[in-house]
Novice: 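Dropping a structure here in C-alpha cells format, bear with me for questions.
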Amino acid sequence: MKGPIKLFSRKTGKNKTKGQSLVELALTLPLLLLLLSGLVEFGFMLNYYLALVDGSREVARLFSNFDPIADSSFYASAVDQVRVVLEPQSASDTSRKIHFKNDIDHPDDIIISVYSVSGGTATLLDTQYHWSNNQVSRLDATEVTSRLTGTAPDTGVLAVEIFYNYDQVLNLPWLEGLPNPFLLYAYTVMPLSSAEPTPTPIP
C-alpha cells in the first residue's frame with residue numbers, strides 16, 4: 001500500500017541558503033555601490049593631484065638651471081611653464097584636463113619663490129611671484145628654515161607651489177559632506193645654485 005500523498009514538501013537547507021544569499025545581496029549591494037562610486041571619485045582626485053606634483057617637479061627641475069637675478073622674466077616664465085605643462089594646449093589634447101581658474105570664490109594659484117640659505121636661515125630672495133595672487137605661500141622663509149637640517153650648507157632654493165580647486169567629476173549627492181571644489185596643493189623644492197649667498201671675502 002502506498003503511503004499518503006504529500007501536498008506540501010519541506011524546503012531543503014539548500015533552498016534556504018539561496019534565499020538568504022539573495023536577501024544579503026539586496027541589503028549590501030547599495031552600500032557597495034556607494035563605496036565604489038566614492039572610490040572612483042577619489043581616483044579622479046588622486047589623478048589630478050599626481051599631475052600637479054609631476055608638473056611642479058618638472059618646472060622646478062627645469063628652472064633650477066636658470067638665474068632669477070640675471071633674468072627678470074624668471075618668475076613669470078616659470079609660472080607660464082607650469083601652465084604649459086599642465087593645461088591642454090589644443091582642443092584635441094585630451095591627455096591633460098587641468099584648467100587654472102581665477103575664480104573669486106575659489107581661486108587657483110601658482111607661486112614661484114626663491115630663497116637664499118645662509119647659516120641655516122632662509123631668506124626670500126628678490127620676490128615671490130603669483131599667477132592669480134590669491135593664495136598665501138605655505139613655504140615662506142620660516143617654513144623653509146624649519147625644514148633645514150642643522151648642517152645645511154649655504155645654498156639657494158627654488159620652490160614651486162600649485163593651488164588647484166578640484167571640482168568633483170561625478171558630483172555624487174552622497175559626497176556632499178566633502179568640499180566641492182576641493183583644494184589640492186602640490187609643491188616641489190629644488191636646489192638653485194644661482195641663488196646661493198655671496199661668500200664673505202676673507203680679509
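Predicted model only: the values in this text are computed from it and were never measured. Just so you know, residue 1 is the first one in the sequence shown, and it goes up from there.
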Novice: List, by chain and then residue number, the residues other than V84 in its hydrophobic cluster (Ile/Leu/Val/Met/Phe/Trp/Tyr, side-chain heavy atoms under 4.5 Å); write none if there are no others.
Specialist: none

Novice: Residues two or more places apart in sequence or in another chain: which of them pass salt bridge (Lys or Arg N to Asp or Glu O under 4.0 Å) with R57?
Specialist: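 R57 satisfies salt bridge (Lys or Arg N to Asp or Glu O under 4.0 Å) with no other residue.
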
Novice: Please name all residues satisfying side-chain hydrogen bond (donor to acceptor under 3.5 Å, both in side chains) with H130, sequence neighbours left out, ordered by chain then number.
Specialist: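 H130 satisfies side-chain hydrogen bond (donor to acceptor under 3.5 Å, both in side chains) with D109 once adjacent residues are dropped.
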
Novice: Which heavy atom of W131 sits nearest a heavy atom of K101, and at what distance?
Specialist: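 Looking at all heavy atoms of both residues, the closest pair is CZ3-O, 3.5 Å.
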
Novice: Among the clusters formed by ILVMFWY side chains lying less than 4.5 Å apart, do F182 and F163 turn up in the same one?
Specialist: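 Different hydrophobic clusters.
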
Novice: Got a donor-acceptor contact below 3.5 angstrom from the S132 side chain to the D108 backbone?
Specialist: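 Yes.
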
Novice: Which heavy-atom pair separates A78 from V59 by the least distance, and what is that distance?
Specialist: O-CG1, 3.7 Å

Novice: My understanding is that only residues two or more places apart in sequence, or in another chain, count here; which of them pass side-chain hydrogen bond (donor to acceptor under 3.5 Å, both in side chains) with S64?
Specialist: none

Novice: CD1 of I110 to CD of E161: how many Å apart, nearest 0.5 Å?
Specialist: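 So the CD1 of I110 and the CD of E161 are separated by 11.5 Å.
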
Novice: Going from CG on D54 to OH on Y49, what distance comes out if it is rounded to the nearest 0.5 angstrom?
Specialist: 10.0 Å

Novice: Please enumerate all residues that pass side-chain contact (heavy atoms from CB on, under 4.5 Å) together with L178, with sequence neighbours excluded.
Specialist: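 With neighbours one apart ignored, the set is Q168, L175.
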
Novice: Please round to the nearest 0.5 Å and tell me the distance separating atom CG of L172 and atom CG of L34.
Specialist: 8.5 Å

Novice: Fit a plane to each ring of Y166 and Y48, take the angle between them on a 0 to 90° scale, and name the class: parallel (under 30°), tilted (30 to 60°) or perpendicular (over 60°).
Specialist: perpendicular

Novice: Please determine whether residues L139 and L124 belong to a single hydrophobic cluster, defined as Ile, Leu, Val, Met, Phe, Trp and Tyr linked transitively by side-chain heavy-atom distances below 4.5 Å.
Specialist: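 Yes: a chain of side-chain contacts under 4.5 Å links L139 to L124.
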
Novice: Going by the rule salt bridge (Lys or Arg N to Asp or Glu O under 4.0 Å), which residues pair with E196 if we only count those two or more places apart in sequence or in a different chain?
Specialist: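 Listed in chain order: nothing, the list is empty.
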
Novice: Applying salt bridge (Lys or Arg N to Asp or Glu O under 4.0 Å), can you list everything that pairs with R138, at least two apart in sequence or on another chain?
Specialist: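 So R138 forms no salt bridge (Lys or Arg N to Asp or Glu O under 4.0 Å) with any residue.
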
Novice: Quick check against the 3.5 Å criterion: does S77 have a side-chain atom that pairs as donor or acceptor with the backbone of F74?
Specialist: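 Checked: no pair found.
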
Novice: With a 3.5 Å distance limit and no angle check, can you tell me whether E87 reaches the backbone of V85 through a side-chain donor-acceptor pair?
Specialist: no

Novice: Following the transitive rule for hydrophobic clusters with a side-chain heavy-atom cut-off under 4.5 Å over Ile, Leu, Val, Met, Phe, Trp and Tyr, establish whether V79 and L62 coincide in one cluster.
Specialist: yes

Novice: Just to verify, what does T145 make a side-chain hydrogen bond (donor to acceptor under 3.5 Å, both in side chains) with, not counting sequence neighbours?
Specialist: none

Novice: Are there over 12 heavy-atom neighbours, none belonging to Y185, within less than 6.0 Å of that residue's OH?
Specialist: yes

Novice: Going by the ring pair (Phe, Tyr, Trp, His ring centres under 6.0 Å) test, which pairs reach into residues 105-127, not counting sequence neighbours?
Specialist: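 Matches after skipping sequence neighbours: none remain.
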
Novice: For the backbone of V169 and the side chain of E41, can you confirm whether one donor and one acceptor N or O come within less than 3.5 Å of each other?
Specialist: yes

Novice: Just checking L27: does its CG atom have more than 12 heavy atoms from other residues, nucleotides or ligands closer to it than 6.0 angstrom?
Specialist: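 More than 12 within 6.0 Å, yes.
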
Novice: Is it the case that atom OH in Y187 sees more than 12 heavy atoms from other parts of the structure closer than 6.0 Å?
Specialist: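 At most 12 heavy atoms, drawn from other residues, nucleotides or ligands, come within 6.0 Å of this atom.
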
Novice: Test of understanding: with side-chain contact (heavy atoms from CB on, under 4.5 Å), list the residues that count as partners of D80, not counting sequence neighbours.
Specialist: none

Novice: Starting from Y129, can I reach V160 by hopping between I/L/V/M/F/W/Y residues whose side chains sit under 4.5 Å apart?
Specialist: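 Yes, V160 and Y129 fall within the same hydrophobic cluster.
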
Novice: Donor-acceptor pair, S194 side chain versus F66 backbone, under 3.5 Å?
Specialist: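 The answer is yes, because a donor-acceptor pair under 3.5 Å joins these two groups.
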
Novice: Holding to ring pair (Phe, Tyr, Trp, His ring centres under 6.0 Å), I want the full list of residues that pass it with Y75, two or more places apart in sequence or in another chain.
Specialist: none

Novice: Should L183 and I162 be regarded as members of a common hydrophobic cluster, given that ILVMFWY residues are connected when their side-chain heavy atoms come within less than 4.5 Å of each other, either directly or indirectly?
Specialist: no

Novice: Name all residues meeting the side-chain hydrogen bond (donor to acceptor under 3.5 Å, both in side chains) criterion together with N171; count only those two or more places apart in sequence or in a different chain, and write none if there are none.
Specialist: N180

Novice: Rounded to the nearest 0.5 Å, how far apart are CG of L158 and OG1 of T188?
Specialist: 9.0 Å

